[in-house]
Structures are given as structure tokens and as C-alpha cells.
Protein chains: 2
Amino acid sequence: MKRVSLKDIARIAGVSPSTVSFVLNGKAKQMRISETLASKIMEVAKKEGYHPNPVAVSLRTGKSQILGLIVESISGNFFASLSRIIEEEAARFGYKVVYTSTENNRQKGKELIGMLSQRQVDGYIITPTPGMEQDIKELIDDNKPVVLMDSYFPGIDVPHVLVNNYEGVKKGMGHLIEKGYRRIGFVTVDLNLVQMEQRLQAYHDCMEQEALSTDNLVLTLKYEEEKELGIQQVTSFIQNTPDLEAVFFATNYLGLLGLESIHRLGLKLPDDLAMICFDDHDVFRLYPPGITCIRQPAEDIAKTALELLMDQLGKGSTNGETKIQISPGLVVRGTTEYVQKVNK
Amino acid sequence: MKRVSLKDIARIAGVSPSTVSFVLNGKAKQMRISETLASKIMEVAKKEGYHPNPVAVSLRTGKSQILGLIVESISGNFFASLSRIIEEEAARFGYKVVYTSTENNRQKGKELIGMLSQRQVDGYIITPTPGMEQDIKELIDDNKPVVLMDSYFPGIDVPHVLVNNYEGVKKGMGHLIEKGYRRIGFVTVDLNLVQMEQRLQAYHDCMEQEALSTDNLVLTLKYEEEKELGIQQVTSFIQNTPDLEAVFFATNYLGLLGLESIHRLGLKLPDDLAMICFDDHDVFRLYPPGITCIRQPAEDIAKTALELLMDQLGKGSTNGETKIQISPGLVVRGTTEYVQKVNK
DNA sequence: TCTGTTGGCTAAAACGATATAGTAATTATT
DNA sequence: AATAATTACTATATCGTTTTAGCCAACAGA
């Protein structure tokens with residue numbers, strides 16, 4: 001059951017290791033190895049069940065055929081499906097994917113560094129968190145192929161793909177307003193990331209456009225906070241905001257907190273309160289009456305991210321564009337379907 | 001920004017690479033390198049920011065310090081938390097973890113082989129699916145360290161850790177019966193795995209013990225089936241089973257199907273039907289009135305699995321036992337709390 | 001003085017591949 | 001006929017480590 005090495009099959013075929021290497025790497029004619037010998041070598045290799053040792057290849061070539069995927073959280077089905085698609089796509093290009101998540105070990109950016117510093121990967125797909133800016137800068141200074149997903153840093157020039165956050169919120173707000181809601185609250189988090197800013201900005205713009213006040217209608221939670229504390233803050237926000245008709249949650253995590261809060265307050269969706277959330281979640285589909293949300297097209301994002309990375313790795317279909325925003329979809333469910341509100 | 005190699009720091013320190021290697025691997029006194037030289041080398045290494053190239057180490061030693069984790073599905077929070085804990089624990093022993101899931105590429109067992117065949121990992125933690133038996137046999141014949149998680153093959157002698165499925169169902173059934181439910185259905189899947197058999201067996205035993213019939217009360221879905229088809233089957237099962245009072249779902253995936261079915265039938269939990277599920281899920285906690293379930297102690301399972309693996313890798317706290325079953329917990333939520341039923 | 005031991009290090013061969021620079025034999029060019 | 005060019009391969013260095021076997025002093029024993 002011993003692994004056969006290239007040397008082994010060279011010995012068996014009665015040729016030199018170099019020859020075997022050339023043949024097996026498809027450089028047979030380029031190195032003008034005769035057809036007969038080439039096919040003989042192929043045969044031997046197949047018969048002996050030869051598989052190159054990727055570690056040796058990696059050491060020699062400096063390439064690992066591995067991509068590093070750094071997500072915020074492996075659980076959460078947005079990232080889960082992202083990962084799955086990326087894995088599939090990467091496989092088509094002959095790459096494997098290794099995952100790390102920043103949420104797990106709370107050192108966030110630092111865990112990333114650990115991963116980065118071993119430099120074995122050929123490219124990075126990263127969903128950035130605030131602490132990472134410096135590390136990412138280092139990566140690109142180092143000429144490592146990097147693609148940012150789901151967010152980006154305005155200060156650094158690096159390829160990225162994310163959903164059009166502004167458009168997403170605008171769609172959601174348009175829907176709420178069309179349904180007759182006017183007193184619309186917005187719950188967000190103090191994450192210093194562009195996508196969060198864009199979402200909030202879109203909210204403000206939409207409200208302003210309708211000449212609606214946003215005073216005391218925005219709740220900003222702290223990122224590093226306990227879940228329970230978040231729930232309490234949302235609860236009191238809902239409770240203490242007069243005439244609140246609808247709440248827009250800026251992330252699905254916030255939406256889940258909101259669900260707990262609403263549950264505790266004994267409010268009925270959407271009769272007592274309408275809700276909409278940026279980003280979908282299993283729970284939103286199942287939790288009656290279904291939570292209306294802005295859905296990020298995971299498949300598009302993942303595929304695009306991989307394309308951008310492959311471009312950098314020289315396997316690209318280079319269409320040139322490196323900063324891509326993808327249109328999100330509005331998924332209307334029960335929490336915005338209270339008919340009475342329309343006529344109010 | 002170039003990587004510094006061991007050779008570099010040897011040159012800088014004015015010694016041979018061997019000496020550096022010895023010092024850096026803590027073999028200084030064993031190889032009787034003088035204290036002064038040793039500390040000088042350490043200093044240089046630190047100053048130059050030396051990190052050994054894991055690829056080279058791996059090639060030379062044949063060890064990668066990487067563990068392969070093969071789960072059924074990366075999404076699903078049972079596996080998500082398993083992975084997280086395993087990653088943490090592995091780090092304490094100096095191992096990294098790479099994930100693969102069998103669900104993603106539907107070739108299941110075959111995807112595994114791809115992973116296995118590259119043999120770069122030092123050990124395997126696997127949640128087995130039916131097709132894998134042969135592959136796992138090969139692994140252990142090959143003397144690779146393997147631990148099975150969440151299930152095992154009675155035919156092969158390999159360390160494993162899983163929840164005590166029999167006990168789990170028994171707990172759940174005991175709870176239902178205590179609450180007064182008698183017409184209890186059981187929804188399972190035709191997966192040919194011990195844990196599924198044990199769950200079903202426990203159900204039958206419990207019913208028999210109470211002298212209750214199980215005729216037409218068991219629904220077995222096909223594993224490879226479309227989700228929608230599953231929902232339809234569960235729906236018609238619930239609809240066509242007279243006097244059905246409660247349903248025990250054998251996995252959380254089935255429970256989710258059940259939830260959809262119940263939702264579509266417009267039944268109210270637990271008034272119209274009680275439900276309990278093996279294995280917890282985010283949705284079960286949030287979906288009103290909360291789904292009662294049997295919870296697998298993910299942390300215990302993960303830690304134990306890693307211990308078993310470390311035993312095989314010679315870093316063990318070897319207590320000898322290699323086949324471990326862990327007691328599950330009963331999490332009572334709203335779906336089994338319909339007070340009227342008790343007095344029925 | 002010669003041999004034996006020990007201390008303190010280094011040379012060099014792996015690990016399994018790839019890629020550059022040859023080499024020997026044949027064929028083409030002038 | 002002598003040189004150049006081509007064909008069909010091979011020798012060898014290299015990637016960055018680890019590890020076995022040695023080497024050279026210095027010192028001890030006889």
C-alpha cells in the first residue's frame with residue numbers, strides 16, 4: 001500500500017524522472033518526448049496508480065492549488081452557501097478551498113494573520129471585518145491575489161464583489177412605503193464597514209424622499225455586545241418608539257434579535273408591527289408568517305468572487321471590471337403583508 | 001518582504017543549517033549545542049521573523065499537522081459547532097483542521113476518496129455516510145488515525161464517539177408519554193446507519209413497553225429525495241393518520257420538513273399536534289412555541305473525538321476506551337406543553 | 001606518546017517533485 | 001566532409017526542512 005513516487009514509475013518505465021515529469025505534465029511534445037515513450041509512461045503511471053505528492057509539488061513550485069476563504073461565520077446559511085459554491089467553482093479550476101472564520105476565535109483579525117502568515121495558499125477570498133484593513137493591505141502589497149466579498153475598504157484598491165446594499169435597502173423601503181408604512185424604524189450595528197453605512201444611508205435617503213422624519217427611529221447596537229443585551233435594546237426600542245409601524249433590520253443577525261424581542265413583547269407580526277430584514281435566513285422562511293427580506297444572490301456573489309480571483313491567478317476570463325455590485329432581490333413574506341395598513 | 005528560510009538565519013548566525021534546526025526544534029541540549037550559541041540562534045530567528053515553511057517540514061517529516069474533518073453538511077448548527085470546537089481543540093495540539101462535507105458534492109463517498117487519496121492529513125474525523133464503509137476500512141487498514149463521529153459501522157473496529165441514540169429517543173418518548181400522548185408517530189429516513197436504527201428501535205421498544213401499537217405510525221422517507229417530496233409525504237402522513245397526537249422526528253432535517261408540513265396544514269402546535277425532534281436547530285428555538293428536542297452535546301462529542309484521535313497520534317491521555325456514547329439532553333419547549341393533553 | 005572519550009558542531013543525504021542546462025545520436029546545411 | 005541543427009532524452013540543481021553520520025578539538029587515561 002505504499003505510495004508510488006515519480007521516481008518509482010521512472011524506474012519501472014526505465015526512464016529518467018525528468019522524462020516522467022514532462023510527460024505527466026503534458027509537456028511531452030514541447031520537450032519532444034516520442035509518442036511511444038510518452039504513452040508507455042502514461043500507462044505505467046496509470047497502472048501503478050501514481051498520484052503526484054502535492055506537498056512536493058507545492059514546495060518545488062511555490063504553488064499550493066489552495067485558496068483561502070475567510071468568512072465571518074461558517075454557520076449562517078448565507079456563508080454556508082457561499083462556501084459551497086466557491087468550493088464547487090474552485091474545483092473546476094483545480095483548486096481546493098480551506099475555510100477559516102473570524103467569528104470563532106474572537107481575535108478576529110489576528111486569527112486571520114495566523115492563516116495568512118503561513119502563506120501556503122495561492123489566493124484569498126475574504127469577507128473583511130474592520131480590524132483586517134492593515135492585514136489586507138499587506139497582502140496586496142505582497143502581490144497576493146485577493147478578492148473581498150460582501151464588503152470592502154474604500155481606502156484600498158482591491159477587487160471586490162458585494163451586493164448593492166444601497167439598492168437593496170431602497171427596494172425594501174420602497175416596498176414598505178408602498179404598503180403604506182410611514183413610521184419605519186431602522187436597526188443597525190456600529191460596524192465600521194461600508195456596506196453598513198450604505199444601508200443606513202439608503203434608509204435616510206428614502207425617508208427623506210418621502211419627507212418622513214427619522215428622529216429617534218434609528219437604533220445602533222454595539223457589535224461586540226452580548227446577544228441578550230442586544231435583544232433588550234431592541235425590545236425597549238420597539239416599546240418606547242411611539243406609533244412604530246415597521247422595522248428594517250440591517251442584517252439577519254439583527255433580524256433574529258428582533259424576532260426574539262417581538263416574541264417577548266407578545267407582538268403579532270405583521271398586525272402589530274411589520275418587519276423586513278437585510279439578508280435571508282432559514283428562520284425567516286419558516287417563522288410564521290415568514291419574514292420579508294432582501295436576499296443576497298449568494299451564487300452570483302460566489303461565482304463572481306472566484307472569477308475575480310482567477311483573473312488574478314492568470315486563469316481569468318478577464319472582462320476587466322474588478323469592483324462589482326450585484327443587485328439583490330426582494331423576498332416578500334408575511335411580515336409586510338398586513339392589508340389593513342395599506343388603507344390606513 | 002521575502003520569506004526568510006532556515007538557511008538564511010544559519011548564514012546570518014554564522015552556523016550550519018543543521019544547528020539551527022536542532023536549536024529551533026528544542027533539541028539543543030540533546031545535540032549538545034552550547035547555551036550561548038543556542039540563544040544566539042534563537043535571537044536571530046526571532047529578529048528575522050523566521051517561520052518554518054510547513055510545506056517543507058511536511059515533505060521531510062511526512063506529517064502535515066493537519067486533520068481532516070469530513071462532515072455531512074457544513075451548514076446546520078450541530079456540525080457548525082462541532083467544527084468550531086474541534087478546530088479549537090486541535091489548535092491546542094498544534095493541528096489545523098480542513099473541512100469537507102459529503103453533502104455538497106453529491107458523490108458523497110467519492111468526494112471523500114478524493115480527500116483521502118491525497119493523504120496529506122495526519123488523521124481523520126469522519127461522520128460516516130453509508131457509502132463510506134469501504135473507504136474507511138481502507139483507511140484503517142492503512143493504519144491511518146481515524147475517529148468516527150455521530151455514527152459508526154458495526155462491522156469495522158474503529159474508535160468512535162456518538163450520542164446515545166437509544167437513550168435519547170427513550171428520554172423523548174418518556175416525556176411524551178408522561179405528558180399523556182399515546183398516538184405517537186415516528187418519522188425517519190431510510191439511511192442505513194446504526195444511529196437511525198437505534199432511534200427507531202428505541203421508539204418501538206418504548207411503544208411496546210406501554211402496550212401501544214405502532215401500526216401505520218412510522219413514516220420512512222427516502223434519503224436521496226427532493227425536499228418538496230419529503231414535505232408532501234410528511235403532510236399526507238399527518239393528514240391520513242387518524243387521531244395522531246404527537247410526532248417524533250428522527251433528525252432535525254426531518255423536523256424542518258415536519259414544520260413546513262404542519263405550517264401548510266394550518267395546524268397549531270402543540271394544540272393540534274405535539275412534536276419532538278432528535279437534534280436541535282436554531283429554528284426550533286425560535287419558531288413559536290419552540291420545538292421540544294433531544295439535544296446532542298456537541299462540545300462533549302467534539303472534544304471526545306479529538307481525544308480519541310490524539311490517542312492514536314500518540315499525544316493521548318489514553319484512558320483506553322475507544323467506543324464512546326454520550327448521554328443526550330432533553331430540551332422541553334412549547335410543542336409538547338399542551339396542558340389539556342395531560343388530562344385527556 | 002598514543003588511544004579513548006566527550007563536547008560541539010557540520011556535511012550531506014534524504015523527502016518528491018520541477019525545470020534548466022546538457023549530451024549523444026541523428027539529420028540537415030553548406 | 002565538416003559544421004550546424006534537430007531529436008530524444010537525462011543529469012543535476014533546487015525548493016526548505018530534518019536527521020544520520022561524521023569531523024575536529026580538547027581532555028583523560030595508561
Side-chain angles (χ1 to χ4, degrees), chain A residues 1-42 44-45 48-66 94 117-122, chain B residues 1-42 44-45 48-66 94 117-122:
Chain A
M1 252 313 176
K2 296 218 42 163
R3 268 188 79 87
V4 289
S5 73
L6 182 144
K7 243 179 243 172
D8 292 332
I9 88 125
R11 194 173 25 72
I12 295 170
V15 298
S16 84
S18 339
T19 311
V20 177
S21 173
F22 292 139
V23 171
L24 264 31
N25 291 349
K27 305 195 175 143
K29 49 229 87 135
Q30 187 192 141
M31 286 294 136
R32 38 202 168 190
I33 310 294
S34 66
E35 266 302 332
T36 43
L37 185 54
S39 54
K40 177 182 175 184
I41 289 175
M42 297 287 270
V44 173
E48 300 293 324
Y50 171 74
H51 288 284
N53 180 331
V55 174
V57 174
S58 175
L59 177 59
R60 181 60 232 249
T61 63
K63 269 107 210 319
S64 61
Q65 299 297 109
I66 291 177
S117 77
Q118 69 178 26
R119 311 268 192 210
Q120 299 321 119
V121 306
D122 292 348
Chain B
M1 254 310 178
K2 295 217 44 161
R3 267 187 79 87
V4 288
S5 74
L6 182 145
K7 245 179 238 170
D8 292 331
I9 86 124
R11 193 172 27 70
I12 294 169
V15 297
S16 84
S18 339
T19 311
V20 177
S21 174
F22 291 138
V23 171
L24 264 31
N25 290 349
K27 304 197 175 139
K29 51 232 87 138
Q30 188 192 142
M31 285 293 135
R32 39 199 172 193
I33 310 293
S34 65
E35 266 302 331
T36 43
L37 186 53
S39 53
K40 175 182 176 186
I41 290 174
M42 298 286 269
V44 174
E48 300 293 324
Y50 172 72
H51 286 287
N53 179 331
V55 174
V57 174
S58 176
L59 177 59
R60 178 60 232 242
T61 63
K63 268 108 209 321
S64 61
Q65 299 297 107
I66 291 177
S117 77
Q118 68 179 27
R119 311 271 192 210
Q120 299 321 120
V121 305
D122 293 346

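Letters A, B, ... mirror the listed sequences (proteins, then strands); counts begin at 1. All values derive from a computational prediction rather than experimental measurement.
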For B:Ile33 and for A:Pro52, locate the closest nucleotide of DNA chain C by heavy-atom distance; then report the residue assigned to the nucleotide nearer the 5' terminus.
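The residue whose closest nucleotide sits nearer the 5' end is B:Ile33.
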Residues which pass salt bridge (charged side-chain N to carboxylate O under 4.0 Å, His left out) with A:Arg32, listed by chain and number, not counting sequence neighbours
none
Scan [X] against the nucleic acid and name what it touches under 4.0 Å (heavy atoms): base, sugar-phosphate only, or nothing.
X: A:Lys63; answer: nothing
X: B:Ser21; answer: base
X: B:Lys27; answer: sugar-phosphate

Can you build the contact string for nucleotides 20-29 of chain C? Use B for base contact, S for sugar-phosphate-only contact, and - for no protein heavy atom under 4.0 Å.
B---------
Both B:Thr19 and B:Val55 contact DNA chain D. Taking the nearest nucleotide for each, which residue is further toward the 5' end?
B:Val55
The side chain of A:Val57 lies closest to which of these nucleotides: D:dC9, C:dA11, C:dA17?
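Out of D:dC9, C:dA11, C:dA17, the nucleotide with an atom closest to A:Val57's side chain is C:dA17.
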Measure [atom1]/[X] against [atom2]/[N] and give the value in whole Å, please.
X: A:Leu59; N: D:dT14; atom1: CG; atom2: P; result: 14 Å
X: A:Lys40; N: D:dC9; atom1: NZ; atom2: C1'; result: 14 Å
X: B:Arg11; N: C:dT10; atom1: CZ; atom2: C1'; result: 17 Å

Establish, with yes or no, whether the OP1 or OP2 oxygen of C:dC15 is under 4.0 angstrom from a side-chain nitrogen or oxygen of B:Ser58.
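No.
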